[in-house]
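Read the structure below first, then the notes.
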Protein chains: 2
Amino acid sequence: MVAIEPSKTQRLYLLLKEQILKGVLSPGHRLPSEPQLAAQHRLSRVTIRRALEGLEQDGLIRRQPGAGTFVLDARPRKGVVGDLSNMLAHLVAMGRATRAKLLSFSYQPSPPVVSAALKLVDGERVQHSIRVRYIDDTPFSHLTTYVPERIGVTYSEADLASTPLLTLLERSGVVADRASQTVTATLAGPEIAELLQVEIGSPLLSMTRVVYDDHGRGVEYLSALYRPDLHSFQMEMTRTGIGAERRWSPVSSLTRPGAETKPLPGRGNSRRPSITPL
Amino acid sequence: MVAIEPSKTQRLYLLLKEQILKGVLSPGHRLPSEPQLAAQHRLSRVTIRRALEGLEQDGLIRRQPGAGTFVLDARPRKGVVGDLSNMLAHLVAMGRATRAKLLSFSYQPSPPVVSAALKLVDGERVQHSIRVRYIDDTPFSHLTTYVPERIGVTYSEADLASTPLLTLLERSGVVADRASQTVTATLAGPEIAELLQVEIGSPLLSMTRVVYDDHGRGVEYLSALYRPDLHSFQMEMTRTGIGAERRWSPVSSLTRPGAETKPLPGRGNSRRPSITPL
DNA sequence: GCAAAATGTTCTATATCTAATACAAATACA
DNA sequence: TGTATTTGTATTAGATATAGAACATTTTGC
């Protein structure tokens, strides 16, 4: 019984991809010839070529007969970079067309995980929904939400298909006050892969958020998956405290809808830590 | 020409491994039968079995003829959930033993990406280093850093192997003032996979951070990779503003070292928001 | 005890991966 | 203009991955 290993082709493909994206191999640089690569990695030229074909498809290299294989300008992520927490507001402000497809809508006993997070009594019922959100007709997030039944009944299936959940909640008188969110990385399974239009086994950003109202009661449990090629989670920080207590603290990341792009490192940035380190 | 993909066996193997380690499938839980899995994933039973064999070898499942396949309590080490920005300080505060292995240390012309981020003139030289950080002898982060040469010369190779880079910088009189960081998801290539002791093709949390001093000059470019089974990025937020301007704002997220719950990355972290309202 | 369902085992057949080789076409350079 | 080197293409052969099926053995549950 052998450990499960990836194919040699994929190994080489990932290796080269890594080096290119990482900048080890800079744009314009010529890769070793196929026979050379074959010798270096002790693989046949067929395998080398298959890996290069993958890179070519990714737009990472240019192959010129007779000349060689060259690294292209691997542009670092042209995607919509934004703070996941306010992303939707962002997109709307930027006038991007977003829509959500409702895949599932039901009332059911709360899964243990959700019960624990929202501090429900065991088996209490919740409103459960699964949505995929699109931006300009390309899927960019997969949202699974759980809301305590007492709150869930205040909106309908149609509401959920058209309006952000948080908006619905606040319309119902719920005061979203605090949230705790966790970001991790996962792999796309067959289902998710199809919905988000990525390959099975692709990396995904996974975010779990629990929202509490002003009484500290859990009102929403959200598990979201994002395509890392379309989004990344960005935040600004400042250095606060002194001595051993000196640490990074987040800065309120209100990204200005007008000001696209860069973290804006300008020293003249008057937007000082608008956050109170209290 | 088809995109380079991992084998179906490996795909399924990684997918299930993920779910188990993440707690989606809790210990004791019985997996669907092999024919069921085959149907769900549209694979042959042979393939299903190969993947399960891998998991069995890892000690993640127990297979009992006639009964089924069960998830074992392989909950590895308790995941250290923390804010990536202050993680190191955390760990130190918790008395965990961390050490870094220096894999590379050199002075070289700045890669274009780094030049752009740090706003260096093209070709300006930088101090480049690659480190792997261990906690209790298991690798948990892979760090690639670039520092402008004028600053880089203030510390030695030995310094870097023993002391956090930011500490070195501040010791040299650099005042780290602001930082911009971006979090995404990637896949582990062969090199990284070996260094972080994960499978090739495993998901990784990728963080890029640019640190600026009080004059707005870039002083450090950091590209870090984290194992999502050991760490996740957590933050607390509050709801601020009114009306259409109502948004999420981050809260200084100091995790209390004392609060040693059974965290576990991913879904189901029921840990109550442990912010210190100071 | 019996039937259903689960994993374990074995087999055949096909597709894909990989190696090895040969040759054509395009390019670079002395 | 050659000549060497490069990528593109094709063929052959063997190893491996995957699908599909049949059957044995163990367990569960009635």
Side-chain angles (χ1 to χ4, degrees), chain A residues 1-17 20 25 28-72 189-190 193 199-201, chain B residues 1-17 20 25 27-72 189-190 199-201:
Chain A
M1 193 185 342
V2 190
I4 281 76
E5 290 178 356
S7 68
K8 302 183 181 179
T9 302
Q10 207 213 358
R11 223 193 222 131
L12 180 62
Y13 165 74
L14 287 176
L15 180 65
L16 293 176
K17 190 172 185 175
I20 293 176
L25 304 172
H29 186 275
R30 200 189 104 177
L31 290 181
S33 73
E34 293 175 0
Q36 281 176 348
L37 283 173
Q40 286 174 19
H41 296 268
R42 292 179 190 177
L43 298 172
S44 78
R45 210 185 133 208
V46 186
T47 308
I48 303 293
R49 282 185 66 64
R50 284 216 55 190
L52 292 182
E53 279 162 16
L55 295 174
E56 190 177 27
Q57 254 193 332
D58 294 348
L60 292 177
I61 58 173
R62 193 192 73 229
R63 311 167 79 187
Q64 192 165 3
T69 303
F70 302 89
V71 177
L72 288 180
E199 300 288 330
I200 297 178
Chain B
M1 193 194 324
V2 191
I4 280 70
E5 295 174 354
S7 71
K8 304 183 181 181
T9 302
Q10 207 211 2
R11 240 188 227 159
L12 180 62
Y13 166 73
L14 287 176
L15 194 64
L16 291 176
K17 188 171 185 174
I20 294 175
L25 304 173
H29 186 276
R30 201 189 101 180
L31 290 181
S33 73
E34 292 175 1
Q36 280 175 350
L37 283 174
Q40 285 174 20
H41 295 269
R42 292 177 190 177
L43 298 172
S44 77
R45 206 181 136 210
V46 186
T47 308
I48 302 294
R49 285 188 114 289
R50 283 213 55 189
L52 293 182
E53 280 162 15
L55 294 174
E56 190 177 27
Q57 254 192 334
D58 294 347
L60 293 177
I61 58 172
R62 193 192 73 230
R63 309 167 81 190
Q64 193 164 4
T69 303
F70 303 87
V71 178
L72 289 180
E199 302 288 332
I200 296 177

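A, B, ... follow the sequence lines: proteins, then strands. Residue 1 opens every chain. Computed over heavy atoms, backbone and side chain alike; hydrogens, waters and symmetry mates excluded.
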- Task: Identify the two heavy atoms, one from A51(A) and one from L12(A), that lie closest to each other, and give their separation to 0.1 Å.
- Result: CB-CD2, 3.8 Å
- Check R30(A) against A67(A) and note the closest heavy-atom contact, atom names and distance. NH1-O, 3.5 Å
- Item | Base-contact (B) and sugar-phosphate-only (S) positions in nucleotides 24-30 of chain D, heavy-atom cut-off under 4.0 Å, - elsewhere | --BB---
- Task: Under the side chain to side chain contact (heavy atoms under 4.5 Å, CB included) rule, what do L16(A) and L52(A) come out as? Steps first, then yes or no, please.
- Result: CA-CA 9 Å; L16(A) 293 176; L52(A) 292 182; 4.0 Å; yes
- Rounded to 10°, tell me the angle between the two end axes of the helix from dG1(C)-dC30(D) to dA30(C)-dT1(D), each built from five pairs. 30°
For the pair made of [atom1] in [X] and [atom2] in [N], what is the distance, rounded to whole Å?
X      : N       : atom1 : atom2 : result
I61(B) : dT7(C)  : CD1   : C1'   : 11 Å
R50(A) : dT16(D) : CZ    : C1'   : 14 Å
H41(B) : dT18(D) : NE2   : C1'   : 16 Å
F70(B) : dA5(C)  : CZ    : C1'   : 12 Å
R30(A) : dA28(C) : CZ    : P     : 10 Å
E53(A) : dG8(D)  : CD    : P     : 8 Å
R49(A) : dC23(C) : CZ    : P     : 18 Å
L52(A) : dT9(D)  : CG    : C1'   : 15 Å

- Output all residues satisfying side chain to side chain donor-acceptor pair (under 3.5 Å) with Q36(B), sequence neighbours left out; order by chain, then residue number. none
- Message: Taking side chain to side chain donor-acceptor pair (under 3.5 Å) as the definition, give me every residue that meets it alongside T47(A), ordered by chain and number, with sequence neighbours left out.
- Response: S44(A)
For nucleotides 19-23 of chain D, print each protein N/O atom paired with a nucleotide N/O atom at under 3.5 Å, atom names and distance only.
| residue | atom | partner | partner atom | Å |
| --- | --- | --- | --- | --- |
| dA19(D) | OP2 | S44(B) | N | 2.6 |
| dA19(D) | OP2 | S44(B) | OG | 2.9 |
| dA19(D) | OP2 | T47(B) | OG1 | 2.6 |

Quick one: is [X] getting a side-chain N or O under 4.0 Å of the [N] phosphate, OP1 or OP2?
X      : N      : answer
T69(B) : dA6(C) : no
S33(A) : dT6(D) : yes
R63(B) : dG8(C) : yes

- In this structure, CZ of R45(B) is separated from CZ of R50(B) (nearest 0.5 Å) by 15.0 Å
- Message: What's the separation between atom CZ in F70(B) and atom CD in Q64(B), rounded to the nearest 0.5 Å?
- Response: 6.0 Å
Are the side chains of [X] and [Y] in touch, meaning some heavy atoms are under 4.5 Å apart?
X      : Y       : value
L72(B) : I61(B)  : no
K17(A) : D58(A)  : yes
K8(B)  : H41(B)  : no
L14(B) : E199(B) : yes

- Note on the structure: Result for 5'-nearest mapping on DNA chain C, choosing between E34(B) and S7(A), is E34(B)
- Apply salt bridge (Lys or Arg N to Asp or Glu O under 4.0 Å) to R63(B) and list each qualifying residue two or more places apart in sequence or on a separate chain. E34(B), E56(B)
